[in-house]
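Heads up, the thing below is written out as structure tokens.
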Amino acid sequence: MDKLLIRGGVPLSGEVRISGAKNAALPIMCAALLSAAPLRLTNVPHLRDVTTLLNLLGGMGVAVSLDEKLGLELDAGRVHTPFAPYEMVKTMRASILVLGPLLARCGEARVSLPGGCAIGQRPVDLHIKGLQAMGADIRVEHGYIIARAKRLKGARIFTDLVTVTGTENLMMAACLAEGTTVIENAAREPEVVDLANCLKAMGANIEGAGSDMITIEGVSALTGAAHRVMPDRIETGTFLVAAAASGGAVRLRNTSARILEAVVDKLREAGARITAEDDAIALEMDGPPLSVNLRTSPYPAFPTDMQAQFMALDCIGRGTAVLTETIFENRFMHALELQRLGADIEITGNTAVVKGVPQLDGAAVMATDLRASASLVIAGLVARGETVVERIYHLDRGYECIEEKLSQLGARIKRIH
Ligand code: UD1
């Protein structure tokens, strides 16, 4: 298993390019299932989750090709097997995003239940309830969701909780339903808007994406389209936090401060000077950060996917920070590993109290999930001496060439096979 070896203490400096967003690319790739004509995508990140989804779609009959500029073409002209097996879904929860499109296009789908994951239970009951409201007949048998519908019917759907992939699944299904669907309490994440833009380019009739009420007027078929995937706001935030924690100065290209305002605000509070350009962000930091409190919440509030990275920053903050996690019930596993580097963290329920220490010391640590891994890398970059991060296959699910990009910024980091 690969590990990362990091020699900390170098302020990051220089410029890197931010990749396309994993959490936009995955639902958009699933949207290809909705049309018999090809969908051409650019700015798709090279990540393990993307490869997993390509394999899953390929198994269903979707033809996948890459053009000379690494654009991805997905041709779902013939979907012969509307089936997502457990072996694939268990490695990537986002596989559930095939459910809505398969049901709408093929009239049937058999998709494994994702099961629990390291950061919490994460059920998919709201995806199922929403599709049932649209007239689908759904049973859960032997760990599989078995869904059928001649043609889905538009419905008014209220989701009790704000769910990102739930909103995306229902929005995709509604594109081919008969009549109008209204999703209330919809997720407002920029990735939902990017998916809606791609669906609109395919001929869908969608209004309100980016607000908490999305209205979809169903059509009988969608066409092919070309779409460029939006930049990854979590990768952007991760590099900004890494630069701030290390006391560096970086410029990130192919991204925008507009998609992560809550994160930029917190970094300013920590003492960073941030300049937002049209398609780039620059950050400069002198000296150690000030501790910052945060509370995770659905967009546009502070994202749960940035909580672990800010905990690493707060470990060396001047002061004490209180971090509250409201989205996932078990998302502090990085805290125990950060303590191995000398961090002072106390956890009670969904709250972590982080007292800043002047210095972290390198140690061997183990990554437990995607964003937890990123926080350990950030801590390793600022720690004195050598840090070894094990189980980095989590990182490879969501960060494109992370060690190459960090090396480009002057970090002493290498992958050991
Ligand atoms: C998406 C993101 C993930 C991010 C999360 C929250 C993708 C591929 N993944 O995950 O990176 O951390 O949003 O911003 O976009 N819930 C239910 N029932 C459901 C669905 C969700 O109870 O049917 C609960 C979840 O357990 C969680 C909360 O709702 O407590 C929000 O989860 P959700 O927004 O659905 O997360 P994902 O879409 O899985």
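All figures in this text were calculated on a predicted structure; none of them were measured in a lab. Numbering of ligands and ligand atoms starts at 1, following listing order.
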Hey, is ligand 1 close enough to [X] that some N/O pair sits below 3.5 Å?
{"X": "T163", "value": "yes"}
{"X": "L126", "value": "yes"}
{"X": "T304", "value": "no"}
{"X": "D305", "value": "yes"}
{"X": "V164", "value": "yes"}
{"X": "D125", "value": "yes"}
{"X": "L97", "value": "no"}

Taking the side chain as everything from C-beta on, heavy atoms only, tell me whether I138 gets closer than 4.5 Å to I146.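 They are not in contact (no side-chain heavy atoms under 4.5 Å apart), so the answer is no.
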Considering the heavy atoms of V162, write down every atom of ligand 1 situated less than 4.0 Å from one of them.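 Checking each atom against V162, I get 31 (C), 34 (O).
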Distance filter under 4.0 Å to R93 heavy atoms, resulting ligand 1 atoms: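 Answer, ordered by atom number: 39 (O).
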For the residue pair [X] and [Y], confirm or rule out a side-chain donor-acceptor distance under 3.5 Å.
{"X": "T238", "Y": "Q309", "answer": "yes"}
{"X": "R295", "Y": "T326", "answer": "no"}
{"X": "T296", "Y": "Q307", "answer": "no"}

Under 6.0 Å between ring centres: does that hold for F83 and Y144?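 Yes; Y144 has its ring centre under 6.0 Å from that of F83.
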Option of least heavy-atom distance to atom 21 (C) of ligand 1 (set: G166, G398, P123):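 Result: the heavy atom closest to atom 21 (C) of ligand 1 is in P123.
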